[in-house]
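When a ligand or atom number is given, it counts from 1 through the structure's own listing order. On a predicted model such as this, the values are computed, not experimentally measured, just so you know. When reading the values below, keep in mind they use all heavy atoms of this one structure, side chains included, and skip hydrogens, waters and symmetry mates.
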Amino acid sequence: MEEIKITRAATLKEKPESSTLVFGKNMTDHMFLVDYDEGQGWHDPRIVPYGPLQIDPAAKVLHYAEEIFEGLKAYRTADGSIQLFRVMDNIQRMNDSADRLCLPQIPAELAMAGITELVKLEQDWVPHEKDTSLYIRPFMIGLDAALGVHSSHHVQFIVIVCPVGAYYPEGLNPVKIYIEDEDVRAVKGGTGMAKTGGNYAASLRAGNRAEKKGYTQVLWLDGVHRKYIEEVGAMNVMFKVAGKILTPDLNGSVLPGITRRSCIQLLKDWGYDVEERRISAQELFDAAENGTLEEAWGTGTAAVVSPIGELAEGDKKVTINNNEIGPVTQRLYDELTGIQWGRVADPHNWITKVC
Ligand code: PLP
Ligand code: COI
């Protein structure tokens, strides 16, 4: 692998107070870039001062959303060291997304080097306060400057990072979720299983409507029957119904969440029955009515494990676990964050030390 060339910023920014961090707003001093050209492969890996990209106005990414991204975090442990959680899973998922969008595969070694070298250089930006971390956003864009609808031969992979606190203003308090019955996020055969910008663009209208009604995010239904639940805007969902854990199966239109995968593993370690299957919204409303909908939560890198306190669809509305965090949700949150911040053992080898 080519050596990563580092150009340091002439002046460094003032770092924000850890207690006032807002998700995704405080970018650090540097970013990682590497170019890809067909015939030449990946070349010129470099870390440069953070700043605007120069993009041709005809670049495919600007017109046809030829973009994929990932989200992961670097965590500060009690002894001051820095570690990543399941980074190879993120790199694998980026390459799965690349496959769907006809973008080139990035060698795991190169993506890993870009991420770890940037985190090492920005290590003073990894916050110390409880529940804070450095969010890492790798992304890949198609840059061919031509308006024909074709995949690009010139591509860039970029990594930017920013210190973050809780994703939701609610913190670990339960969020209110609205079941969207008009717009759909994805259908099988589309791009729902890929982490690509277009999915999020298509979600904005429903998200705005839900926010106006006082809800935090929407819960998407499947695009064919409009009846089976899929996932929330930035997280997968799980329900505890009559002692069992239910979560939608990875049917081709749901993002295969890495936090989802981790929670399923932990729940199985603890002896829970976990059913990955189709779940209709009606099944959840019925369970709420007969008192068996015990807990609901979302899972995601940014959102971690977020309790869901209220689910609504049209004029139906149910409150879950008295709008309080339930015991399984709390245990998952504690165990997962315990592993991420190095407070508890890591039996599944999910952690990679950076420095
Ligand atoms: N679903 C969607 C649509 C997301 O954007 C995310 C966030 O990455 C997730 C689920 C959760 O995935 P992960 O746990 O890998 O962060
Ligand atoms: C993440 O959890 O990393 C995400 O990508 C969610 C994001 C859309 C805010």
Distance-only polar pair, side chains of [X] and [Y], donor-acceptor under 3.5 Å:
X: H154; Y: D144; value: no
X: N251; Y: E230; value: yes
X: T329; Y: E295; value: yes

Can you report which non-hydrogen protein atom sits closest to [atom], along with the distance?
atom: atom 16 (O) of ligand 1; result: T301 OG1, 2.6 Å
atom: atom 4 (C) of ligand 1; result: Y200 OH, 3.5 Å
atom: atom 13 (P) of ligand 1; result: I258 N, 3.5 Å
atom: atom 14 (O) of ligand 1; result: T259 OG1, 2.5 Å

Could you tell me whether Y135 and ligand 2 have an N or O pair separated by under 3.5 Å? yes
Can you tell which of S262, A303, G71, G257 gets a heavy atom nearest to atom 12 (O) of ligand 1? G257
Where on [X] is there a heavy atom closer than 4.0 Å to ligand 1, on the side chain, on the backbone, on both, or on neither?
X: K195; answer: side chain
X: Q217; answer: neither
X: N199; answer: neither

For R137, take its heavy atoms, then give the atoms of ligand 2 lying under 4.0 Å from any of them. 5 (O), 7 (C)
Which of the numbered atoms in ligand 2 are under 4.0 angstrom from any heavy atom belonging to F69? 5 (O)
I need the atoms of ligand 1 closer than 4.0 Å to a non-hydrogen atom of E231, numbered in the order shown. 1 (N), 2 (C), 3 (C), 10 (C)
